[in-house]
Each structure stands twice: as C-alpha cells, then as structure tokens.
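Presented below is the structure to which this report refers.
What you see is a predicted model, and the numbers here were worked out from it, not measured in a lab.
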Amino acid sequence: MSPKKEITIVGGGIIGCSTAYYLTRHPSYSPETHRVTLLEAASTSTGGRTPDSIQDPATLADPTTASRKNPAHEGIAGGASGKAGGLLALWAFPENIVPLSFRLHDELAREHGGDKRWGYRRCWASQIDCKARGTTTAAAAAAAEGNQPSNTGKSKSAGLHRDHHKDPSTLRRLGVPDDLDWLDSSSSSSLSAYENIGTPENTAQVHPELFTRSMAQLAEDAGARIVTGARVTAISRSADDSRVEGVTYVDKDGAEKTLATTHCVVAAGPWTATLLPEIPVRASRAHSVVIKTPAPLSAYALFTQIKLPVGFRTPSSERKAATSSAAVPLRAPQIVNPEIYARPDGTAYACGPTDEAAPLPITSAEVEVDEARCADIVAQVGGISDQLGRDGEVLAKQACYLPQGGPYIGQVGKTEGLIVAAGHTCWGIQNAPGTGKLVSEIVFDGKAKSARLGGCDPALVL
C-alpha cells in the first residue's frame with residue numbers, strides 16, 4: 001500500500017481540476033489512505049463577465065445531461081478555464097504531451113458522456129482571409145474628413161489562434177467546404193483565401209467551463225475535497241528545503257488556516273508566480289464574446305485574417321483613449337485576427353488579441369471586462385457573417401488572464417513534493433488531461449511515465 005499522502009492542489013482551473021481527477025483515478029489512490037484537497041482562491045465564477053452576460057453555459061446545453069453547476073463549487077473555472085475557446089488538436093504544442101492529452105480527452109468523453117456533458121465533438125480548423133463589409137455611414141464620412149486619431153493602417157492585431165453567399169461553385173474554387181455556409185461572401189465581403197489546418201481526425205473541441213466543472217465534480221465524487229474562497233498565501237518547506245510541510249490559506253471569512261501537506265501541486269495559472277516566483281509564468285489578458293446564432297453552425301474553428309475597410313470601427317487597442325464602446329471610424333484599412341469557434345449548443349465563441357493594459361488582479365473574481373474590446377470582436381466577426389452579427393445575439397462579454405511562458409510540469413528544485421503544473425498558454429484546455437495524468441504519476445510513482453516531460457521540466461529554468 002502506498003504511504004499516506006496529504007496532497008494539496010492550488011488552483012481550481014482546468015489544470016488543477018484535471019489533476020484532482022487523475023489523482024483519484026491512480027491505481028495507488030485510496031480515499032482512506034490519501035487526502036486530496038483542491039483550494040481555489042475565488043468564491044464566485046462571475047468575475048470577468050459583465051452583469052448582463054449568461055452566467056451558466058449549462059443552461060444552453062441538454063439540461064438532462066449537462067454539467068450542472070454545484071453551488072459549493074462557485075469559483076471553479078472562474079478564470080481562463082471558463083472563458084477559453086476549448087480547441088483540442090494533435091497539431092498543438094508541446095509535442096511531447098499533446099498526443100497523450102488528445103487521447104485522454106477522447107477517452108474521458110467516451111467514459112463520461114462528454115458529448116452531452118461538456119460539448120465534446122470532433123471538428124475542422126481552418127484559416128480564412130477575407131474583407132469585412134464596409135460602411136456608408138457618417139462614421140465613414142468622419143474618417144474621410146480626418147476627424148479621428150491618426151492610424152497608419154498597417155498595424156496588425158494578432159489573435160490567439162443569407163444575402164451575401166457566393167454561388168457554391170465559387171466557394172469550391174477557393175476550397176471552401178459546402179457546409180461552411182455561415183460566412184458572408186459577397187463582393188463587398190470577399191472571402192479571398194481558405195486553408196484547412198485540422199480535420200476531425202486530429203481536431204476536436206470542448207466547452208472548457210463545463211469540462212472543468214465536470215472534472216471537479218468527478219474528483220469530488222471519488223473522494224477529493226473541493227474548497228473555494230481559499231486563497232493560498234504560503235507554502236511552507238522544511239528548514240533545508242528538502243520537503244513540503246504545509247499550505248497556508250485565507251478562507252472566505254478571512255480566517256487563516258494551514259493544511260499539513262506532503263505534496264503541493266501549484267496549478268494557479270497566471271497567479272503561479274505569486275507562490276513560486278522562480279517559475280517564469282506571466283499573464284496576458286484576453287477578451288471574448290459568446291454569440292447565439294439563429295441556428296447551430298457547422299463544426300469549424302476559424303483562424304481569421306480580416307481586412308477592415310476605411311470607416312470601420314477602429315480597434316480599441318489602436319485608440320489613445322478607449323474609455324467607451326462608442327465606434328471611432330478607421331482612416332485606413334487594418335488587419336485583425338479574431339478567432340471563431342462554433343459550438344454544438346447553438347452558440348459561437350469569438351476572441352480577440354491579448355493585451356497587458358490591466359494588471360493581474362488578486363483572484364479571478366476581480367477580473368474586469370473592457371466592453372470596448374468586446375464590442376470590437378462583435379463588430380469584426382459580424383462584418384463577415386450575418387449569423388454572428390445582424391442575426392446573432394450576444395450572450396456573454398468576458399475577459400480572463402492567460403498563463404504564458406510554459407508549460408512547466410514537475411518537481412520544483414530540490415523540494416520533494418513541491419510540484420508545478422502551470423504556464424500552459426493558449427493550449428491549456430488541450431493539455432489539461434495529459435498534465436493531470438503526469439502529475440498523478442509524479443506523486444504516486446515518483447516520475448512521469450505516460451509521456452516524457454522534455455521541455456516542460458521546470459529543472460530547465462531553475
């Protein structure tokens with residue numbers, strides 16, 4: 001029998017919840033012998049969403065099978081894990097863990113009904129180049145008269161990742177599949193290039209918030225303890241730094257508590273450096289919207305390059321004072337790169353570029369939304385699709401902070417039992433199950449067995 005382990009996971013995002021799940025599925029795990037406690041700093045999942053946004057995406061899915069929100073889990077998936085696109089791909093990175101994690105996503109969906117519970121499905125991924133429909137409004141006239149801040153027209157906003165349809169034969173000449181019929185392709189909104197990136201053989205998607213909530217619930221059902229409103233302030237080590245001894249946190253009532261801990265897994269995403277400053281994880285903010293479409297869209301994830309014409313809304317990142325969502329017209333064409341993910345619940349998710357305009361708050365509950373940046377996304381995707389624009393309904397405007405710099409997975413320095421699992425960039429949703437599986441092996445077997453850590457080993461930066 002494995003020696004008694006007191007395992008504390010810091011962070012209730014997709015990495016922490018997947019780790020809790022796989023710890024409770026490890027052959028050596030016994031709820032009578034081992035304690036698994038997950039501590040999440042936030043006590044609400046509403047941070048990073050405007051008050052008028054839909055707060056529970058499960059209400060859009062099949063109510064009999066979707067991952068229902070556990071009131072005791074408020075705060076779980078409150079950050080990027082609840083506001084990401086949810087793309088999975090065998091062509092993601094890092095290559096050493098991607099195949100494992102992609103396979104585990106498929107196995108989890110089969111075992112737990114992920115198609116209904118968290119929107120798992122195979123999909124296509126494509127790159128498109130197009131031009132947004134122009135404007136003939138007073139905004140265009142104002143731009144022509146120069147009543148707008150200077151703009152070179154050369155800047156490029158890098159992304160993360162019914163009356164206007166051309167004749168199908170024209171679309172086929174560009175290589176556009178027949179079922180990608182929700183893009184406008186009139187002469188004023190021309191689709192100039194299409195390139196396939198991924199197929200259903202190597203590409204899939206999940207709803208990340210519903211997946212994360214499911215992992216937390218399944219882990220709890222197997223014996224893990226989920227505690228929200230528990231902000232970790234310190235990880236105590238032995239005098240010689242050879243082992244972990246405890247984790248101190250402040251609960252939702254302000255009381256300070258300490259858990260005896262033999263193994264501490266820091267999966268705090270962009271907040272990781274507050275506890276492990278030696279691990280170079282940094283944060284960048286990203287905005288996104290969720291749009292309800294008149295009918296479910298075909299299963300495509302689109303990486304776009306959209307040319308905005310003169311008179312179109314100037315992206316707020318290009319404006320000197322983006323204090324409101326009011327439109328300011330462009331004086332010169334500009335390229336933007338929003339990403340669009342059609343979802344099986346009748347919505348589409350769209351995200352814009354990252355920024356560093358606002359510092360990382362203390363928890364995900366304090367994340368604020370810049371509505372002007374959300375309005376940019378809505379205008380841009382609405383400029384190439386009526387189903388996303390004129391005929392769509394914006395259900396959510398949201399923001400989150402992405403962890404950048406990694407991923408890092410493994411023991412931190414010489415301290416036995418101190419493990420980091422953070423910095424997963426935009427591929428955190430894709431790589432969460434693989435990370436959780438590897439961490440469970442490090443804890444119970446002493447080393448990663450299912451995949452090599454390779455460049456994810458924190459020893460490379462310590």
Side-chain angles (χ1 to χ4, degrees), residues 1-13 15-41 219 223-227 230-251 255-269 271-281 403 406-423 435-454 456-462:
M1 180 178 291
S2 176
K4 183 176 181 179
K5 297 183 186 340
E6 303 280 352
I7 307 163
T8 303
I9 302 167
V10 183
I15 304 297
C17 292
S18 295
T19 297
Y21 174 89
Y22 280 101
L23 284 167
T24 60
R25 265 63 183 179
H26 192 280
S28 297
Y29 170 75
S30 167
E32 290 76 31
T33 307
H34 310 299
R35 174 185 59 78
V36 176
T37 303
L38 184 149
L39 303 177
E40 164 53 42
R225 179 175 171 236
I226 309 294
V227 184
R231 183 171 60 85
V232 173
T233 56
I235 301 168
S236 57
R237 316 182 196 190
S238 60
D240 60 358
D241 275 349
S242 64
R243 67 184 185 278
V244 173
E245 293 187 337
V247 172
T248 300
Y249 68 94
V250 177
D251 71 12
E256 186 174 87
K257 298 180 179 180
T258 299
L259 287 175
T261 301
T262 61
H263 294 77
C264 177
V265 181
V266 181
W271 288 273
T272 294
T274 62
L275 295 171
L276 298 175
E278 64 267 45
I279 302 297
V281 175
Y408 299 106
I409 306 167
Q411 182 173 305
V412 179
K414 66 177 184 179
T415 307
E416 184 178 348
L418 181 57
I419 299 163
V420 65
T435 299
K437 176 79 167 177
L438 293 172
V439 170
S440 74
E441 294 169 349
I442 293 170
V443 170
F444 282 110
D445 302 321
K447 63 180 181 179
K449 298 169 67 176
S450 295
R452 61 181 182 85
L453 293 180
C456 300
D457 190 340
L460 297 175
V461 297
L462 296 175

Checking side chain to side chain contact (heavy atoms under 4.5 Å, CB included) between Cys264 and each of Val10, Ile419, Leu276, Val420, which is the one that passes?
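The option that passes is Val10.
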
If I compare all heavy atoms of [X] with all of [Y], which pair ends up nearest, and what's the gap?
{"X": "Leu23", "Y": "Ser440", "result": "CD2-CA, 3.6 Å"}
{"X": "Ala224", "Y": "Thr24", "result": "CB-CG2, 4.1 Å"}
{"X": "Leu38", "Y": "Ala20", "result": "CD1-CB, 4.2 Å"}
{"X": "Val461", "Y": "Pro280", "result": "CG2-CD, 3.8 Å"}
{"X": "Gly436", "Y": "Tyr22", "result": "O-CB, 3.5 Å"}
{"X": "Ala421", "Y": "Ile15", "result": "O-CG2, 3.4 Å"}

What's the separation between atom CD in Gln411 and atom NE2 in His263, rounded to the nearest 0.5 Å?
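Separation between the atoms: 9.0 Å.
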
Quick one: NZ on Lys437 to CD1 on Ile442, what's the gap to the nearest 0.5 Å?
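Interatomic distance, Lys437 NZ to Ile442 CD1, rounded to 0.5 Å: 12.5 Å.
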
Does anything in residues 17-32 pair up under salt bridge (Lys or Arg N to Asp or Glu O under 4.0 Å), and if so which pairs, sequence neighbours excluded?
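For residues 17-32: none.
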
Residues that Arg237 engages under salt bridge (charged side-chain N to carboxylate O under 4.0 Å, His left out), provided they are two or more places apart:
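If we apply the salt bridge (charged side-chain N to carboxylate O under 4.0 Å, His left out) test to Arg237, skipping adjacent residues, the hits are Glu278.
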
Which residues share a salt bridge (charged side-chain N to carboxylate O under 4.0 Å, His left out) with Asp457, sequence neighbours left out:
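Result, salt bridge (charged side-chain N to carboxylate O under 4.0 Å, His left out) vs Asp457: none returned.
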
Side chains of [X] and [Y]: does their closest heavy-atom pair fall under 4.5 Å?
{"X": "Val244", "Y": "Thr262", "answer": "no"}
{"X": "His26", "Y": "Asp445", "answer": "yes"}
{"X": "Leu39", "Y": "Ile9", "answer": "no"}
{"X": "Leu438", "Y": "Ser450", "answer": "yes"}
{"X": "Lys257", "Y": "Leu259", "answer": "no"}
{"X": "Val412", "Y": "Leu462", "answer": "yes"}
{"X": "Tyr249", "Y": "Thr233", "answer": "no"}
{"X": "Tyr29", "Y": "His34", "answer": "yes"}

Quick check against the 3.5 Å criterion: does [X] have a side-chain atom that pairs as donor or acceptor with the backbone of [Y]?
{"X": "Thr272", "Y": "Gly269", "answer": "yes"}
{"X": "Glu6", "Y": "Thr8", "answer": "no"}
{"X": "Glu40", "Y": "Gly12", "answer": "yes"}

So Phe444 and Ile7, side-chain contact (heavy atoms from CB on, under 4.5 Å) or not? Walk me through it.
CA-CA 11 Å; Phe444 282 110; Ile7 307 163; 4.2 Å; yes

Could you go through Lys449 and Glu441, starting from their C-alpha distance and side-chain angles, then the distance that decides it, and tell me whether this counts as salt bridge (Lys or Arg N to Asp or Glu O under 4.0 Å)?
CA-CA 7 Å; Lys449 298 169 67 176; Glu441 294 169 349; over 6 Å; no

Using the test side chain to side chain donor-acceptor pair (under 3.5 Å), find all partners of Tyr21 that sit at least two apart in sequence or belong to another chain.
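Residues passing side chain to side chain donor-acceptor pair (under 3.5 Å) with Tyr21: His112.
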
Under the side-chain contact (heavy atoms from CB on, under 4.5 Å) rule, collect the residues that match up with Lys414, sequence neighbours excluded.
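Only Asp241 meet the side-chain contact (heavy atoms from CB on, under 4.5 Å) criterion with Lys414.
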
Check side-chain contact (heavy atoms from CB on, under 4.5 Å) between Ser238 and all other residues, then give those that pass, not counting sequence neighbours.
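Per chain and number, Ser238 pairs via side-chain contact (heavy atoms from CB on, under 4.5 Å) with Asp240, Ser242, Arg243, Glu245.
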
Distance-only side-chain donor-acceptor flag, Arg35 / Thr37, under 3.5 Å
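Short answer, yes.
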
Are Thr248 and Thr258 linked by a side-chain donor-acceptor pair shorter than 3.5 Å?
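The criterion, which ignores hydrogens and geometry beyond distance, is satisfied for Thr258 and Thr248.
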
